[in-house]
Number of protein chains: 2
Amino acid sequence: MPKSKASPGSADGSASEQRRLQMVDIARLAGVSVSTVSRALNGSELVNAETRQRVAELARSLNYSINFGARNLRLQENKTVAVVVPFDAKSRQHISDPFFLSIVGSIADALTDRGYDMLLSRVDAEHLDLASHWFDSGKAIGVVLIGQWRHHDQLNEMAARKLPLVVWGGEMPQQLYCSVGGDNVLGGTLATRHLLQTGRRRIAFVGDAHLPEVWLRRQGYAQALREAGVPVDPALELAAPFEPGVATGVVREFCAAQQGFDGVVCCSDVLALLTIQALRGVGRSVPGDVAVIGYDDMPLAAYCEPPLTTVHQPVAEAGAELVEALLGQLRGERAGPRTMPVHLTLRDSAPATAS
Amino acid sequence: MPKSKASPGSADGSASEQRRLQMVDIARLAGVSVSTVSRALNGSELVNAETRQRVAELARSLNYSINFGARNLRLQENKTVAVVVPFDAKSRQHISDPFFLSIVGSIADALTDRGYDMLLSRVDAEHLDLASHWFDSGKAIGVVLIGQWRHHDQLNEMAARKLPLVVWGGEMPQQLYCSVGGDNVLGGTLATRHLLQTGRRRIAFVGDAHLPEVWLRRQGYAQALREAGVPVDPALELAAPFEPGVATGVVREFCAAQQGFDGVVCCSDVLALLTIQALRGVGRSVPGDVAVIGYDDMPLAAYCEPPLTTVHQPVAEAGAELVEALLGQLRGERAGPRTMPVHLTLRDSAPATAS
DNA sequence: GTGAAAGCGCTAACAC
DNA sequence: GTGTTAGCGCTTTCAC
């Protein structure tokens with residue numbers, strides 16, 4: 001049995017447990033039935049305007065809020081969306097990249113605007129499919145996943161299972177799920193082209209191409225090099241992960257070993273910052289000796305030293321796009337992946353004028 | 001009437017609407033009653049081990065997850081906590097301070113560890129009391145609010161209403177609600193003392209003392225100055241808000257107008273970054289001419305230029321403390337405010353050796 | 001060991 | 001215009 005209804009003020013163990021008001025209480029106090037209260041609170045035209053007013057007033061004055069659990073159960077509806085941020089279980093690194101956090105903020109806004117609640121959680125990046133739990137359990141009507149990580153396959157399976165799902169990330173071949181993301185190929189191209197145009201020739205690429213987004217950026221990078229007739233040199237590619245804890249050492253080693261480059265395209269602003277530090281550690285200046293370009297244009301990018309030239313991602317629009325894509329899916333629309341434009345924000349780490 | 005149960009595969013408008021599996025389906029397939037399935041899935045000893053096994057297997061193979069809405073309604077329980085981040089409605093600035101986002105991450109971990117879900121939302125910083133909605137509506141069992149902002153009074157009212165509430169922030173006189181936070185007075189003192197010890201004498205303070213946390217830090221600042229026999233000069237105090245958009249101009253003006261200081265205590269790392277930029281803008285070097293200390297020790301603080309000397313806040317522990325305080329309250333424990341130790345992390349923006 | 005039935009707080013036919 | 005009633009998906013007495 002559920003715990004018996006404690007009469008208000010009764011000490012049933014927990015001092016702070018105020019019995020939550022419910023419709024029946026309002027009904028009794030207003031001298032009407034629960035149905036009338038329900039109708040009144042939902043603004044039904046069926047109920048007398050005066051009664052409606054009175055009930056609404058009473059409810060407000062008592063701080064009554066409808067019990068959404070019960071309402072949802074009865075209505076078979078739910079206005080909650082799960083937003084899931086993968087984390088790297090191996091390195092025990094939390095996702096603290098400012099970019100991901102900004103995306104989460106953007107989604108929060110978009111959901112709030114549309115009257116939805118946001119359930120935020122993490123999932124082991126090796127088991128993205130566990131995110132389906134939020135839907136299966138009825139806690140959420142759908143899932144927004146931040147990043148594809150290494151498990152394109154799991155995402156495809158989830159989509160095949162008809163899980164309402166939208167993923168922030170790049171568009172890959174043979175993709176069954178709906179993705180929303182910046183134009184990664186373009187981003188890679190813009191960054192690389194800018195370095196080439198300002199006279200750099202030996203351009204490194206920092207980012208783990210096992211991740212779809214990075215893989216696409218690398219395409220853009222290679223393409224821009226080819227356009228310029230510059231050979232792609234695998235020795236200048238560094239598969240650094242996004243987690244700063246792991247990346248720091250890798251980047252430092254790379255900068256110590258490879259002294260032959262004069263430009264770097266990094267796959268996040270944090271990686272760019274780490275790279276700049278590592279370069280300085282081996283006595284190379286930025287942007288003098290090496291021009292560095294970041295990715296994301298995080299809020300702090302302008303306040304670093306030097307301020308980062310970086311590929312700007314459409315964070316503000318991202319939330320709305322992701323949410324719309326999910327809601328569209330729930331309405332039965334067959335929406336494909338969406339790729340949003342990106343642009344290069346010029347600052348000092350890779351200035352506009354040739355060195 | 002709720003929409004009729006669509007038979008699986010029926011096209012009822014939305015293509016992706018898979019009918020969610022429920023206990024009765026599992027029961028039918030397993031050839032037992034729903035009660036048995038319920039018991040089996042909850043690991044009850046009452047049900048035959050073999051049956052239990054079979055039901056569990058079946059449920060798993062079908063990706064069945066129990067409907068938590070219904071379960072919670074029946075059990076009168078809920079394992080969801082609302083985490084609410086205030087935002088400044090006037091400046092339309094979102095909270096993007098890395099520190100707040102880190103705290104949210106920390107809370108997410110703590111809740112997950114304890115089997116709770118996290119509902120993340122924002123609230124107008126002028127109406128913190130709206131956060132009580134999450135409790136009143138039964139969507140959450142309690143509220144964790146990130147920061148007190150200017151509305152200590154509203155928080156007290158919420159606590160008086162017996163709302164299960166924990167606030168990240170400082171401990172103020174006559175406080176009815178439960179707060180958890182770093183030791184702000186100590187933080188202010190440590191930062192100021194360090195500047196004094198390294199030979200600085202004209203020390204500015206950047207932060208809006210209308211906010212409780214900042215007010216406390218200012219106490220520490222003033223105290224350290226008094227200890228050293230240095231007069232507190234109101235001209236060296238700048239009431240800059242945390243929002244970078246608003247703060248940038250304010251800080252720039254201040255640095256242009258006040259050339260007479262050789263040290264600054266800032267109330268966030270972002271403010272410190274802005275201050276460093278502004279100082280450089282007027283031709284003053286950091287830490288040469290002015291030593292700058294930040295607050296929070298955000299993940300990126302080590303990767304700025306110069307790396308920030310800053311007051312380290314116990315982010316990793318904060319989540320657990322906040323959550324424990326809330327759960328304690330729900331158990332009826334009468335927990336007071338909790339103040340956690342902070343320490344100074346020395347880096348280059350205010351080095352250990354006197355200039 | 002298992003099933004039938006009641007009920008969590010709410011909404012919406014269906015009466016009146 | 002309002003009350004009565006059934007039922008959303010689940011758990012748990014209470015029978016057997």
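Quick note on labels: first sequence line is chain A, next is B, and so on, each numbered from 1. Heavy-atom basis, side chains included; hydrogens, waters and symmetry copies ignored.
For A:Ser38 and C:dC10, the shortest distance from a side-chain N or O to OP1 or OP2 is not below 4.0 Å. In this structure, A:Tyr64 reaches the C:dC10 phosphate: one of its side-chain N or O atoms is under 4.0 Å from OP1 or OP2. Proximity of B:Asn42 to the phosphate of D:dT11: a side-chain N or O atom is located under 4.0 Å from OP1 or OP2. At D:dT2, one or more side-chain N or O atoms of A:Thr51 fall inside 4.0 Å of OP1 or OP2 (strictly under the cut-off). An OP1 or OP2 oxygen of C:dG7 is reached within less than 4.0 angstrom by no side-chain nitrogen or oxygen of B:Arg74.
Computed from coordinates, the A:Arg52 CZ to D:dG1 P distance equals 10 Å when rounded to whole Å. Straight-line distance from the CZ atom of A:Arg71 to the P atom of C:dT11: 5 Å, rounded to whole Å. Straight-line distance from the CG atom of A:Leu75 to the P atom of D:dC8: 13 Å, rounded to whole Å. Rounding to whole angstrom units, CG of residue A:Asn78 and P of D:dG9 are separated by 13 Å. Residue A:Phe68 contributes atom CZ, which lies 19 Å from atom P of D:dG9 at whole-angstrom precision. The CG atom of A:Leu21 sits 12 Å away from the P atom of C:dG9 (whole-angstrom rounding). Rounded to whole Å, atom C1' of D:dG9 lies 14 Å from atom CZ of B:Arg28. With rounding to whole Å, A:Gln76 atom CD is found 14 Å from C:dA13 atom P.
In the set C:dG3, D:dT2, C:dT2, C:dG3 carries the atom at the smallest distance from any side-chain atom of B:Ser33. The nucleotide whose nearest atom lies closest to any side-chain atom of A:Met23 is, among C:dT11, D:dG3, D:dG9, C:dT11. Candidate nucleotides D:dG1, C:dT2, D:dG3 were compared by shortest atom distance to the side chain of A:Val32, and D:dG3 ranks first. In this structure, the nucleotide among C:dG9, D:dC10, C:dC10 sitting nearest to the side chain of A:Leu73 is C:dG9.
In this model, a side-chain donor or acceptor of B:Arg39 finds a partner on the base of C:dG3 within 3.5 Å. Looking at A:Ser35, its side chain comes within 3.5 Å of the base of D:dT4 through a donor and an acceptor atom.
In terms of position along DNA chain C, the nucleotide closest to B:Val47 lies nearer the 5' end than the nucleotide closest to the other residue of the pair A:Ser65 and B:Val47.
Screening B:Thr80, B:Asn72, B:Asp117 against A:Lys139 for a side chain to side chain donor-acceptor pair (under 3.5 Å) leaves a single residue, B:Asp117.
Side chains of A:Asn42 and A:Arg52: a donor-acceptor N/O pair is absent below 3.5 angstrom, by distance only. Between the side chains of B:Tyr177 and B:Gln148, at least one donor-acceptor pair of N or O atoms lies under 3.5 Å. Between the side chains of B:Ser179 and B:Trp168, not a single donor N or O lies within less than 3.5 Å of an accepting N or O.
Taking the ring centre of A:Tyr64 as origin, the terminal cationic atom of A:Arg20 falls outside the region bounded by 6.0 Å and 45° from the ring axis.
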